[in-house]
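Read through the structure below, which is laid out as structure tokens, and then see the notes.
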Amino acid sequence: MPTRDPAFDDAPMLQLVAPDGTPVGDTEVGLSDEDLRALLRLMVLARRLDRECMALQRQGELTVYPPFEGQEAAQVGSAFALAAGDMAFPSFRELAAAFVRGVDVVEYLQYHRGTWHGGPYDPLASGFAPICVPVATQIVHAVGWALGAKLDGKAACSIAYFGDGSASEGDFHEGANLAAVFAAPAILFCQNNGWAISVPATEQYVAPIAARAVGYGMPGVRVDGNDVLAVYRATKEAADRARAGGGPTLIEAMTYRVGPHSTADDATRYRSDEEVARYRAFDPIERYRRFLGSTGVADDAFVAACRAEAERWVGGVRAELTAIGTPPATEVFDHVFSDPPANLGRQRREALGDA
Ligand SMILES: Cc1ncc(C[n+]2csc(CCOP(=O)(O)OP(=O)(O)O)c2C)c(N)n1
Ligand SMILES: [Mg+2]
């Protein structure tokens, strides 16, 4: 367990709504009441979907699944701040952000079902790049895309989603420096959950990740990642600046994932139940629900309607997903080489008995 509480230590952090739902900053972030309710609805739906995916994996319907419960505000708030022409570059944990971007979640989940390489959703149509498992590599993709958008004269930005552990990779440093030097319209969005699998934040760095922005020469924002309005504001400001030619921004969203690293991980081997219980008190959905309740923007009936919608929705997702049959075995050999080498041809004949 970390000796220093990474999410709530003393470094300054943008926070607009306190964990108990009380406003502590300027909560006028430029969203209509309808949009404010949409943020809550999206978080409720995302959490319900995440729990369904965990169940689907345990029931053998998904091969492996990396849950995000606890990170809804970080993903929903940031993705909501993007425009249609922007491009998101996820790691492997951004299903909530994908959903906000309009990605068909059944298509997305085919990756985790093992029925298609990387999911058959259209990255360009949804502005959401394919899932990226090699940690931090998506950061250089995002910066490259941003440089391309700039050269094309497009008023668009990219966002790279990555974790605290990913910020220790060379790709992070290379991407950040390149973005700063060429004023790439990119947002480097770190979800700091205090852990990189079993490695605590205390073994990764000794100063806030956001503070590195000074060294690269770009704005850096440390934001309460469980405060959806604060995340929205930080990301919206970064996106507007990027599209206007103001270059990149590093955002460090302090959050906590209550589930394991993935369904292949046993988090009880390195993380105490007490730690998880402590962070549940910072739940992003409960905080925002209380805030919207106190301002009269969303009442209990609205929340109940979101929950009912979520139940119906995930039922449909499950039905569609589990109806997808086994793909033809030929696919193991397809889509890699235009001109397959001889040994692959031999393996194909052995496995399939065809040419
Ligand atoms: C290049 C590379 N090295 C190692 C791994 C194995 N791996 C997968 S996720 C992960 C930790 C990532 O931690 P973080 O960036 O904090 O993201 P989180 O899982 O906490 O969301 C590691 C080491 C990998 N996928 N890619
Ligand atoms: Mg992490």
Side-chain angles (χ1 to χ4, degrees), residues 6-7 42-79 88 90-101 103 105-114 118-119 128 130-133 135 138 161-166 189-201 225-226 228 231 253-273 275-287 307 310-311 313-315 317-318 321-322:
L42 288 165
M43 289 200 291
V44 169
L45 262 64
R47 174 165 300 181
R48 185 61 190 82
L49 178 64
D50 188 60
R51 290 185 177 173
E52 193 69 12
C53 289
M54 287 296 283
L56 282 163
Q57 196 281 334
R58 297 306 190 214
Q59 292 158 2
E61 299 290 355
L62 296 179
T63 55
V64 68
Y65 178 73
F68 60 78
E69 180 164 340
Q71 300 180 218
E72 292 87 353
Q75 294 194 24
V76 170
S78 56
S91 72
F92 44 82
R93 201 186 294 289
E94 276 75 46
L95 176 55
F99 170 51
V100 174
R101 292 292 284 161
V103 170
V105 299
V106 173
E107 292 184 349
Y108 177 107
L109 288 170
Q110 286 210 50
Y111 177 86
H112 295 299
R113 193 167 165 81
F128 198 85
I131 294 168
C132 202
V133 173
V135 296
Q138 73 276 16
Y161 286 100
F162 56 96
D164 45 285
S166 307
F189 190 89
C190 178
Q191 292 176 84
N192 186 341
N193 71 314
W195 291 96
I197 312 185
S198 56
V199 179
N226 287 13
V228 72
V231 172
M254 307 308 293
T255 185
Y256 193 80
R257 186 185 62 248
V258 294
H261 173 76
S262 78
T263 48
D265 172 48
D266 176 6
T268 62
R269 294 185 61 177
Y270 55 84
R271 202 176 67 164
S272 70
D273 291 347
E275 178 183 311
V276 179
R278 188 153 44 87
Y279 278 98
R280 280 207 183 268
F282 296 98
D283 186 84
I285 298 181
E286 184 55 19
R287 170 188 320 206
R307 295 207 169 115
E311 287 306 318
W313 178 55
V314 296
V317 169
R318 166 182 283 269
L321 193 68
T322 54

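Note that the structure is a prediction, hence the values are computed from the model and not measured. The residues of the chain are indexed from 1 along the displayed sequence.
- Using a 4.0 Å cut-off between a side-chain N of Lys or Arg and a carboxylate O of Asp or Glu, Arg271 and Asp265 do not qualify as a salt bridge.
- Between Pro90 and Gln138, the closest side-chain pair of non-hydrogen atoms is not below 4.5 Å.
- Here the side chain of Arg113 pairs a donor or acceptor atom with the backbone of Glu61 at under 3.5 angstrom.
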| request: Go through the steps for Ile197 and Val199 under the test side-chain contact (heavy atoms from CB on, under 4.5 Å), then give the verdict. | output: CA-CA 6 Å; Ile197 312 185; Val199 179; over 6 Å; no
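- Side-chain contact between Leu321 and Leu62: present, with at least one pair of heavy atoms (C-beta onward) separated by less than 4.5 Å.
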| request: Could you walk me through whether Trp195 and His261 pass the side-chain contact (heavy atoms from CB on, under 4.5 Å) test, one step at a time? | output: CA-CA 9 Å; Trp195 291 96; His261 173 76; over 6 Å; no
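- Side-chain polar atoms of Tyr279 and Asn193 form no donor-acceptor pair below 3.5 angstrom.
- Proximity of Phe68 to Glu94: side-chain heavy atoms (C-beta onward) are nowhere separated by under 4.5 Å.
- When the salt bridge (Lys or Arg N to Asp or Glu O under 4.0 Å) test is applied to Arg307, no partner is found at least two apart in sequence or on another chain.
- A side-chain N or O of Glu275 and one of Tyr256 form a donor-acceptor pair less than 3.5 Å apart.
- Ring geometry for Phe128 versus Tyr108: interplanar angle of 30 to 60°, hence tilted.
- Residues that satisfy the salt bridge (Lys or Arg N to Asp or Glu O under 4.0 Å) test with Glu311, not counting sequence neighbours, are Arg48.
- For Asp273, the CG atom sits in a loose shell: 12 or fewer heavy atoms of surrounding residues, nucleotides or ligands are nearer than 6.0 Å.
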